[in-house]
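This report concerns only the one structure given below.
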Amino acid sequence: NLIFKMEEAKNPSLEEDFEGQATHTGPKGVIHDWRKFKLESKDNDSVPPSKKEILRQMSSPQTRDDRDSKERFSRKMSIQEYELIHQDKEDETCLRKYRRQCMQDMHQKLSFGPRYGFVYELETGEQFLETIEKEKKITTIVVHIYEEGIKGCDALNSSLTCLAAEYPMVKFCKIKASNTGAEDRFSSDVLPTLLVYKGGELISNFISVAEQFAEEFFAGDVESFLNEYGLLPEREIHALEQTNMEEDIE
């Protein structure tokens with residue numbers, strides 16, 4: 001308790017500079033954000049006006065000069081307030097939504113850089129080079145060199161379309177070998193080819209990549225293959241999917 005109070009004394013702004021956003025840290029901040037979320041929840045229409053007023057008082061913003069507000073925010077919860085916040089049955093749905101919102105906020109803060117979400121068709125060799133040279137250094141670029149009628153190219157294009165949606169932070173591209181301006185280097189016997197770039201540098205080169213898969217292959221097979229070489233980041237939606245699954249089980 002002494003350590004916690006000392007930390008509070010060092011960082012008074014964490015709980016005194018509230019400006020209407022969920023930016024508090026520590027136990028008091030979490031409780032405050034939960035109170036505010038409950039008050040604003042659309043599912044709380046059935047809460048009696050008297051209880052809504054309690055929640056409103058519990059979650060109202062404070063200023064440095066408002067001592068009463070400070071005391072109200074820092075004081076211990078009354079039994080009535082505690083019971084209101086911890087109503088198991090009434091709070092179950094609201095709590096799940098609160099958890100989901102927290103997860104989404106966390107992913108939004110941790111996610112940075114450009115977003116894509118689909119496969120870009122490169123039309124010329126110049127466009128190919130420009131994409132590699134001008135893309136941000138933090139971005140992984142996966143380029144599929146293909147040609148229509150070549151075994152495995154169609155399946156790989158379909159797989160990359162799925163992966164592009166699941167890994168929007170990766171830039172997936174495709175270009176016909178005949179459009180690269182280097183047809184002699186990308187003859188049919190080396191297609192489909194996957195080239196992976198980062199920071200303008202080629203970091204992986206897979207020729208005749210379809211040979212790495214079974215006769216029929218899908219996005220999951222390509223995903224596993226790229227993950228073996230550490231070329232894909234962690235899927236951002238994994239944690240959210242886990243949260244949704246837990247909620248469905250409940």
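Please read these numbers as outputs of a predicted model, since none were measured by experiment.
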Evaluate side-chain contact (heavy atoms from CB on, under 4.5 Å) for Ile145 paired with Leu195, printing each intermediate quantity in order.
CA-CA 8 Å; Ile145 312 295; Leu195 306 178; 4.2 Å; yes
Under a 4.5 Å cut-off applied to non-hydrogen side-chain atoms, are [X] and [Y] in contact?
X: Leu163; Y: Val119; result: no
X: Asn157; Y: His144; result: yes
X: Lys136; Y: Pro114; result: yes
X: Glu223; Y: Ser159; result: no
X: Tyr146; Y: Leu156; result: no
X: Leu122; Y: Asn179; result: no
X: Thr161; Y: Phe118; result: no
X: Phe172; Y: Tyr167; result: yes

Quick one: do Lys176 and Glu148 make a salt bridge, cutoff under 4.0 Å?
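Yes, charged N to carboxylate O under 4.0 Å.
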Taking distance alone, no hydrogens or angles, what donor-acceptor pairs closer than 3.5 Å link side-chain atoms of residues 196-218 to residues at least two apart or in another chain?
{"from": "Ser208", "atom 1": "OG", "to": "Asp189", "atom 2": "O", "distance (Å)": "2.9"}
{"from": "Glu215", "atom 1": "OE1", "to": "Lys151", "atom 2": "NZ", "distance (Å)": "3.4"}
{"from": "Glu215", "atom 1": "OE2", "to": "Lys151", "atom 2": "NZ", "distance (Å)": "3.0"}

How far does [atom1] of [X] sit from [atom2] of [Y], to the nearest 0.5 angstrom?
X: Lys174; Y: Phe128; atom1: NZ; atom2: CZ; value: 15.0 Å
X: Leu232; Y: Leu226; atom1: CG; atom2: CG; value: 4.5 Å
X: Thr193; Y: Glu147; atom1: OG1; atom2: CD; value: 11.5 Å

Taking the side chain from Ser224 and the backbone from Asp221, do they hold a donor-acceptor pair closer than 3.5 Å?
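Absent.
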Closest approach of [X] and [Y], non-hydrogen atoms and distance?
X: Tyr116; Y: Met169; answer: CE1-O, 3.9 Å
X: Ser178; Y: Glu183; answer: O-OE2, 3.2 Å
X: Val190; Y: Arg185; answer: CG2-O, 3.9 Å
X: Ile175; Y: Gly125; answer: CD1-N, 4.4 Å

May I ask you to establish whether Lys171 and Tyr120 are in a cation-pi arrangement, using a distance under 6.0 Å from NZ or CZ to the six-membered ring centre and at most 45° from the ring axis?
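So Lys171 does make the cation-pi contact.
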side-chain contact (heavy atoms from CB on, under 4.5 Å) for Thr139 and Ile141? Distances and angles first, verdict last.
CA-CA 6 Å; Thr139 300; Ile141 306 172; 4.3 Å; yes
Determine, stepwise, if the pair Val143 / Leu194 fulfils side-chain contact (heavy atoms from CB on, under 4.5 Å).
CA-CA 6 Å; Val143 182; Leu194 275 184; over 6 Å; no
Should Cys173 and Thr131 be marked as a side-chain contact (heavy atoms from CB on, under 4.5 Å) after you check the CA-CA gap, both sets of side-chain angles, and the distance that decides it?
CA-CA 9 Å; Cys173 305; Thr131 298; 4.2 Å; yes
